[in-house]
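We number each residue from 1, following the sequence as shown.
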Amino acid sequence: MSNSPNNTLTFSESLADLDTISQPYQVVHIVCIAGSFSFTFNHVRYNVCPSDYIIFTVGALYSRIEWSADCRVLMMAFHESVSASIVFNSNYGILGHLSLLSNPVIHLSAAEFDTCLTDLRRLRQRAAETQHLFHDELISTLLKAHILDLYDIHARKSGAIDPDSRIAALMRQFIGMLIAGDFLADRSLDYYADKLCITPHYLSEVSKKTSGQPASYWINQFVLKSLVSLVMDKTLSMEEIAARLHFSSVSYLTRYLKKQLGMTPSELRRGQRAKF
């Protein structure tokens, strides 16, 4: 496993390092080069083959990672603030993000695989060149180019809705509110619909049309992802976490997590991944 000096990017060729690099607020990219591996994500079991590209967004709830003896991967991890600092003219990011929360696996063609693997290897090589006088800007530019390659690949495969359409704009606003942390204070559908000047029913219809899931699903996903990230931070007490996420009590928080993941906060904190 290797790190750039400023810890902007972390690389590894072993899935055994996944739990190490997949820390709170880290985004993880994995390209399967050879062999195979499998994992469970949102109650679904995924089997990964060569040329598959996997993206675990911040707080991704994956579990039961298993891999073949001949499995070869290249993984890259970075803090969410790194990608957040990159400015894109395209509005595709949020729609792509929603898709990855539903299915983190992208099946690549031979040409797409070559493009992505070349991108990642180039990033790894240049990240180590810390003597470059414009190192941070260089890495940011290379990462932006790679993300745009992924946008292009994903949009072509998914037949995504026009990111400039009205319903896409509403969805971006809704998800933008969740990203901004509105779910910390209010998890009701009425709250978001009122902010967007639409009805709760229409908000759910917009969400289903653009993402395949109702709006309530995404509110719950942001709550759950944030909760898991906070629970994994052992410097925080359960009381502090309950207060941050506006749970009325630790017991309510525990019941919520037990219902969603089948495990208690203490079980999760001891390093047990959710068994979906």
Side-chain angles (χ1 to χ4, degrees), residues 1-4 7-80 82-83 96-97 99-110 112-128 139 143 146-147 149-150 153-154 224-225 228-229 231-234 261-263 267-276:
M1 184 163 56
S2 63
N3 298 281
S4 63
N7 294 319
T8 297
L9 303 179
T10 303
F11 295 90
S12 174
E13 296 181 357
S14 173
L15 284 170
D17 292 329
L18 183 56
D19 282 348
T20 301
I21 67 176
S22 183
Q23 297 298 314
Y25 309 109
Q26 291 285 106
V27 177
V28 180
H29 289 224
I30 308 170
V31 61
C32 184
I33 300 172
S36 63
F37 68 94
S38 61
F39 62 92
T40 297
F41 182 86
N42 284 353
H43 309 280
V44 177
R45 191 70 180 168
Y46 292 90
N47 296 308
V48 178
C49 301
S51 298
D52 283 347
Y53 198 109
I54 297 86
I55 302 177
F56 291 135
T57 56
V58 172
L61 303 177
Y62 63 85
S63 64
R64 296 170 55 205
I65 307 290
E66 300 173 354
W67 57 89
S68 63
D70 61 342
C71 182
R72 291 177 53 220
V73 302
L74 180 56
M75 296 193 295
M76 175 180 68
F78 50 87
H79 194 277
E80 64 175 341
V82 175
S83 55
H97 180 73
S99 178
L100 291 171
L101 288 174
S102 297
N103 180 357
V105 180
I106 305 172
H107 301 296
L108 303 178
S109 68
E112 292 165 348
F113 172 74
D114 287 342
T115 295
C116 289
L117 190 57
T118 298
D119 284 352
L120 290 178
R121 285 174 170 167
R122 184 68 165 166
L123 274 161
R124 186 179 194 179
Q125 173 193 350
R126 300 312 297 270
I139 298 307
L143 183 58
H146 178 52
I147 292 173
D149 280 339
L150 291 171
I153 291 168
H154 189 270
L224 191 57
K225 282 161 63 65
V228 169
S229 293
V231 169
M232 295 300 287
D233 183 349
K234 296 181 181 180
L261 301 184
M263 62 197 316
E267 289 171 336
L268 183 63
R269 181 162 279 186
R270 285 199 299 268
Q272 301 178 36
R273 289 267 180 199
K275 301 297 188 290
F276 293 131

Taking all non-hydrogen atoms of both residues, which atom of [X] and which atom of [Y] are closest, and how far apart?
X	Y	answer
G262	E267	O-OE1, 4.4 Å
V73	F37	CG1-CE2, 4.0 Å
D70	S36	OD1-N, 4.5 Å
N47	S38	OD1-CB, 3.5 Å
G35	S68	CA-OG, 3.6 Å
M76	L120	CE-CD2, 3.6 Å

Next item on the list: Run the numbers on F56 and L18 for side chain to side chain contact (heavy atoms under 4.5 Å, CB included), then give the verdict.
Entry: CA-CA 11 Å; F56 291 135; L18 183 56; 4.2 Å; yes
Notebook entry, point to check: Would H146 and F78 count as a close aromatic pair, with their ring centres under 6.0 Å?
Noted result: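 No: the rings miss the under 6.0 Å criterion.
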Check: Is the Y46 to F39 ring centre distance short of 6.0 Å?
Finding: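 Close enough - the centres of the two rings lie under 6.0 Å apart.
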Atom [atom1] in [X], atom [atom2] in [Y]: separation rounded to 0.5 Å?
X	Y	atom1	atom2	answer
H107	I54	NE2	CD1	9.0 Å
T10	R124	OG1	CZ	11.0 Å
H29	I106	NE2	CD1	8.5 Å
R122	T118	CZ	OG1	10.5 Å
I55	L150	CD1	CG	5.0 Å
T115	Y53	OG1	OH	11.5 Å

Next item on the list: Please confirm whether the backbone N or O of M75 pairs with a side-chain atom of S12, one donor and one acceptor, at under 3.5 Å?
Entry: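 Such a contact is absent between S12 side chain and M75 backbone.
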Item checked: E13 side chain vs L74 backbone, donor-acceptor pair below 3.5 Å ->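 Checked: no pair found.
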Next item on the list: For side chain to side chain contact (heavy atoms under 4.5 Å, CB included), just list the numbers for V82 and V27, CA-CA rounded to whole Å, side-chain angles, deciding distance to a tenth of an Å, and then say yes or no.
Entry: CA-CA 9 Å; V82 175; V27 177; over 6 Å; no
Notebook entry, point to check: Quick one: does L15's side chain get under 4.5 Å of I30's, heavy atoms only?
Noted result: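 Yes, close enough: below the 4.5 Å cut-off.
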